[in-house]
Structures are given as C-alpha cells and as structure tokens.
Amino acid sequence: MSDKPLTEFRKIRIAKAEKLVEMGFNPYPSKCSRTHYAKTITDNYDALEGKTVTVAGRLMSWRKHGALTFGHIQDQSGRIQLYIRRDILQDTDQSRGNIGYAHLKLIEVGDFVEAAGRVTRTERGEISVRPDTIRLITKSIRPLPEKRSGLKDREAVLRRRYLDTTMQPHKREAFENISRMLFAIRTFFNERGFLEFHTPVLQPLYGGGTAKPFTTHVNALGCDVYLAISHELYLKRLIAAGFDRVYTIGKYFRNEGIDRSHHPEFSMIETMTAYENYEYNMDLVEDLFRYVAQNVFGRTVFRVNGREVDFGRPWKRISMVDAVREVTGVDFSKCTSVDEANARLSAMGINEPQASAGLCLVKAFEEKVEATLISPTLVYGHPMDISPLAKPMDDNPDYAERFEIFIGGMECGDNWSEQNDPVRLLETWKSKQQSLMLAAEEIHPLDYDFIEVMEYGMPPTTGIGPGIERMAMLFTEQDNIDDVIFFPLMRPVLSPLNAEIYGIDERVYVERVAEGDILITMDEFVSLLEDGIISPPASRVTVRPYLRFWGDLGRGRTSGYLEIEGLIKDKRLRVVGFAPAPGKALHDLTDTRKLRAVIESSVRDGIGGYFPDCEIRIHGVILLHDPRLHAG
RNA sequence: GGGCCGCUAGCUCAGCUGGUAGAGCAACGCCCUUUUAAGGCGUGGGUCGAAGGUUCGAAUCCUUCGCGGCUCACCA
C-alpha cells in the first residue's frame, strides 16, 4: 500500500534527515557563518572575483550534470548561483558538517544550505560561488510550490504567505517598505520633539470612537475588558500629565466588517500636540505624508486606483460646506431647517431623511463628494453633531475644528482640536448616549474617569490619526488591505491531509453557532417535544449528527449535538448534549455503516415518534475534534 | 447579510452535452563536466472541499453545508 504523494515525500525527506544523523551530521545545526549576502556579491563582482565567501540561504533550484551541479541559493537580498564541481568540492567531513559530492543527494531544493568558495563566473557568464564546502543548515520536509507559478490560489497565498514570499521574492518589497515607512514615521515625529508611548490595548472601557469592540476577560481582576478601538483618550491623559507632544503607533481592534479596506485588527499613528489647534495638524499631516514619500520611496507621485496622486504639491484645503457646494451646487450652510436640508438631499437623489441639517451635509458629502477626492485633500469644518470630541469653531459654532484626509477617494485620517471643556464634554456625551440608545439600542460607555481628567484640566490640544494600512496601500500601490497585512485574519482550518500527517483520525470542524441558530440542550428539546410545543411546519426535517469521541477507542466517551433543519421556520436548531445509544460502545470508527445505523436508530427513536407524518432525513455522521486541542 | 465565481495530486492547471481521473512542475530510480523552466529513459502518486439526492452509472446534474475570492450593503 503506497502513501499519498505528500505523505510519501515527507517520509522520504525525514528518512534523509535520519540518514544524515546516522552519518554523524546534524540536519538542524544552530549556527552558520555567512560572510556575504547574494546581492553583495553580484553587485561587487569586480572587487570580489576570486575571493572566498560564504553564502547561506534556501536552495531554490538544483541541476545535476554528473560531475557538475548547479543550483541557486536565495537569501533575504536575492539569489546567487552555486557552481559545484566534483573535483573541487571537499569530501564529506562530519566533524565540520561538510557534505561531499558523493552525498549531495542528501540535500535538495527547499533545504537551507551554506556554501563556502570562490566567487567566479560560469561559461555562460553568471556570477556564481564555486563551493569548496557545502553544509546543510536546515532540512525541509515539505515540497515547495511549483517553481514557475508559485502559489496562485488566493487563499493559499494568505494562509501561507511565507511560501508566497519565498517563491516570489518581489512580493516581500511591499512589506519591507512598510517597515521602512514605520521607521520614517517615527523619525519624523521624534525629530519634531514627540515622545512615543505605548498606550493600553486592554481597556476597561472603549472610547474615542463608536465601533463595536472585542471583549475579553481578565482572570486576575475578575472583570471584562475591551481591546482598544482607539487610543486617543489615553494620549489625552498623557497631555494632561504634562507631556506636550506624544504619539503612539498602536493596534486598533474593531469587531466589524472585513473587506478590501477594512481589517478587524489594524494600526494607526495617533498624535496629541498641546498648545496647538487643528490648523497646525493640517501642516503636520501634509509634511508627514511628503516626508514618508520622499524618504522611503524617493518620489511623490503614486498611482492610486489607476490615477496619479501627487503628495508633493500643496494639498487642497476646503470646508465640507464648500466641497459639497462645488460638486452639487447646494449650499447646506444656507439651509435654515432640517426639512429644507432633507429636501435638498432628496433633490440630489438621496432619499434617506437625516435628523439634522448637519447630518444632511455629511450624507451629501459622503455620497457625492468623497469618491471624487483623488488628490490629497483636507476637508474641514464638520458639523458639531458628528464631532462630540472636537471643539467648535470660534466664528461658527455649528461646525467643528476638525478635518479629514482624503486621498484616492479614500478616507485616510481624522483630526481635530480636542474638546477640553469638561462640562460641555459631559453634556455632549450624555445626550449622544441617549440618542444612540434610542436609535441603535446600543449603550456606549461614558468614561467618567476621562471626564475627571478633563476637570483637572488639559491644555488646548490637537491630534491626528492616519491609518497605517491605508497609508501603506497608497504608498505601495496595493488596492487590497490583505496585501499590506502579512498575516490577515482568517478562519482556522485543518486540512484532512494535515489531520492525517499529524495523527488526527477524524475530520476537524470548528464548532460554532451561526447567528440566528437556536441552541438548546437535549433535555429542553425532549420536554418541548413532549409538550407538543415544537412541531414541524414542513413535511421534511433534516438532521445532521455531529459527534465527538473522547479518550481511547472502545473505552472513551461520546458527546455531540444534532443540527436540525425544518422544525422551526428559517432557523436551525442545535441540540447539544446528544448522547446516542448510552452505554453502547460506538468507537468502532472503521465500521462506518454500523456507526451510522446506531446513530440513525437513536435519532429516529428519539424524535421520530413525535411527528409520524414527517419525513426525517438523517445525514451522515460528522465527526468532531476539539479544535483547541489541535490548533497549530 | 445579498449577488456572482471558485475548490480535481504537494503546487499550477486540463477534464466538452453524465460513461474506467490527465498533463507539467515537484518526488523516486538510472545516464550526463557549463546548466539556469537544463535534458534523456523509466516509476510511483487522487475520498475530484463535505454530506445527501437523481441515475444502471456522478469530478460532471440537483440540494444543503464548509472554506475562499470578487462585488454590493452595513460599519469608521
């Protein structure tokens, strides 16, 4: 009986590693002695020709020609060819870890190797290292993807990014540039006298925004906390503490939609500057983007959504009222009533009545203007209705000292003069809380501790908050956020193949209850049936048994649940605590027919009698494993 | 959440209106002193995402589910 290809491949490679151990080699040594990166050698060939160098990296190609062997080693900098000659390569020497020509078959594509030898050119002119010695640094026991195409399946790329960047090294560029970007951002702020702080990710209250948070629990304190949806309230506490210029490059967590420009976990650079207002920040934001463009990318013109965006020119600054008037011809500042404003809205084809004239302006802006703002534009003067943490403008208190950054039709940051009047802040928050409770049945926490901070006093302050990923998308010219986040969040999966390799007998399913499903216990279910409360609206009920086996086969326990469709209209019922045939050994998994028969009779005996006229379809048993036991 | 699309060997992909599951790369064996998509000869490799259904017969048709993609909506 032969194995599946991957299983066989893996066994062969493990056998080679074992052979190496038998021979006295360590296939996983801890040290290597690289002297040069590949690119250093190809860039400085004239100076290095004939010199002895040591290179190390992953073996990406391997061409045997009898007494000659060619291959390419790939390191972080690039690739360089190995030109191996039988008459030059030293013999196998376990004490030094050297692998001689006779044993070269023990290393292969995918392995990490180290080669020491002279820098030379082959007859075809390729700069190469001609090794005197070759050492195996790390044995690889999985096959690399197809060498020409690499990974193409999007899911495979996202789940195994390390393979994608191995096969197509140019795909590392965006990530390298993001790293440089972060360094440049820090340099930019540090040079301007800002101090970087780490603010809490675990927060007892979530504030500074209206997003849905992730919740978690602190055992030691016995209380629930939230992952940060924003860091701004903590930065303001730092200003109150006497620091004039602070920033954080923090992680933000928002339990909301995922699409090509939204990710549940993202990063932002957030600043607070005391003794300045939003106008200072307009200059700061513009300088920041220009600084990053020039210092990291060496240019100011980028392509965003197929259109050119120039960060070098002075950015357009326009009030929201003017921006809407420019595009639609409607001047919302002249609207004297909500009804008038809503009439203007519906005249431009937006039939969603808003609660205030300010909200009408915002709606018109979002619908008609936002997508047209390709060149970097700062839009200021938001209605106070939507700016609870911002200060009103002196000359027009209906509008906030606030601006948003728009680039390529995408919002890239929100910024304002911080409201530091504690009495007004409290009033605003309370009324906002009430309206939100009425409107959305959502309770937003009031952070009284923060109000107290404001009562002690915070000097005039202004902050900016450009998103790192949005910025990275602009500068690396990617249109999908997954391509600027190396490890995007995905549902966990365990392939049947891995389940087999790692000795997990059954298919692994992640147990979860979808929204809208009803979860009840077996006892509750039975009593509902007995009382006749549940009866099928349709003539057919579909039952899917899910079972989990604990402990040793033949002796362990069985638990599971039934998924039942057709008993409650449009809902799926999940009955937990289903124990088929109590007392019987169900663990003979090899006889699936017998297993199924036992489950079927158990289900039919259990519920079939309650509605005799109904067809009950029982699907094959699905075996569960606790994913937590086998994660990773 | 809605719509559309995809899932076949480790990887990249064929597989027509239902009729014995295919190729290349990778792997294994042998040959080869200038290859770089090396080449030549030979060999092995599959729960066609899962479960049901229709059928004499299903990778193919139907239903449900899983995972993913694109897109719209929602959400900053």
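So that the names make sense, note that chain A is the first sequence line, chain B the second, and so on, each numbered from 1.
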I'd like a list of close polar pairs between nucleotides 2-10 of chain B and the protein, N/O only, cut-off under 3.5 Å.
none

Legend entry - Pairing residues for A/K251 by the salt bridge (charged side-chain N to carboxylate O under 4.0 Å, His left out) criterion, not counting sequence neighbours: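 A/K251: salt bridge (charged side-chain N to carboxylate O under 4.0 Å, His left out) contacts with A/E265.
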Legend entry - Between A/S267 and A/E469: side-chain donor-acceptor atoms closer than 3.5 Å: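 A/S267 vs A/E469: donor-acceptor pair found between side chains.
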Inset, instruction - Would you please say whether a donor-acceptor pair under 3.5 Å links the side chains of A/E270 and A/Y252? - result: yes
Inset, instruction - Using the closest heavy atom to pick a nucleotide of RNA chain B for each, name whichever of A/L151 or A/F9 lands nearer the 5' end. - result: A/L151
Legend entry - Residue whose closest nucleotide on RNA chain B lies nearer the 5' end, A/K105 versus A/F266: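 Looking at RNA chain B, the more 5' nearest nucleotide goes with A/K105.
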Go through [options] for me and flag the one nearest to the [X] side chain.
X: A/Q81; options: B/rU33, B/rC28, B/rU36; answer: B/rU36
X: A/E8; options: B/rC13, B/rG45, B/rG69; answer: B/rG45
X: A/R85; options: B/rU33, B/rG69, B/rC28; answer: B/rU33

Sugar-phosphate, base or nothing in reach of [X], heavy atoms under 4.0 Å:
X: A/G150; answer: sugar-phosphate
X: A/M167; answer: nothing
X: A/N480; answer: sugar-phosphate
X: A/E404; answer: base
X: A/E370; answer: base

Inset, instruction - Determine, using ring centers only, whether A/Y162 and A/F487 are less than 6.0 Å apart. - result: no
Inset, instruction - Would you check if the distance from the ring center of A/Y399 to the ring center of A/H382 is below 6.0 Å? - result: no
Whole-angstrom distance between [N] and [M], as gauged at atom [atom1]:
N: B/rA23; M: B/rG42; atom1: P; value: 13 Å
N: B/rU17; M: B/rU55; atom1: C1'; value: 16 Å
N: B/rC72; M: B/rG53; atom1: P; value: 40 Å

Legend entry - Gap between atoms NZ and C1', on A/K139 and B/rA27 respectively (whole Å):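 Checked: the NZ to C1' distance equals 12 Å.
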Inset, instruction - Please list every stem that involves RNA chain B, where a stem is a run of 3 or more consecutive Watson-Crick or G-U wobble pairs with both pairing distances under 3.5 Å. - result: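 When the pairs of RNA chain B are grouped into runs of at least three, the stems are B:1-7 with B:66-72, B:10-13 with B:22-25, B:27-31 with B:39-43, B:49-53 with B:61-65.
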Legend entry - Those residues that, when tested against A/M471, pass side chain to side chain contact (heavy atoms under 4.5 Å, CB included) (two or more places apart):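 Applying side chain to side chain contact (heavy atoms under 4.5 Å, CB included) to A/M471 gives A/M181, A/I185, A/L288, A/F289, A/V292, A/F475.
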What N/O pairs connect the protein and nucleotides 71-75 of chain B at under 3.5 Å? Give each pair on its own line.
residue	atom	partner	partner atom	Å
B/rU71	OP1	A/R260	NH1	2.2
B/rU71	OP2	A/R260	NH1	2.5
B/rC75	O2'	A/E256	OE1	2.3
B/rC75	O2'	A/E256	OE2	2.8

Legend entry - Side chain proximity check, A/V369 to A/F406, heavy atoms < 4.5 angstrom: no
Write out a two-atom table: protein N or O, nucleotide N or O from nucleotides 38-42 of chain B, distance below 3.5 Å.
residue	atom	partner	partner atom	Å
B/rA38	OP1	A/K147	NZ	2.1
B/rA38	N6	A/K64	O	3.2

Inset, instruction - Ignoring backbone atoms, establish whether A/K16 has a side-chain N or O less than 4.0 Å from OP1 or OP2 of B/rC28. - result: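 Affirmative; the distance criterion is met.
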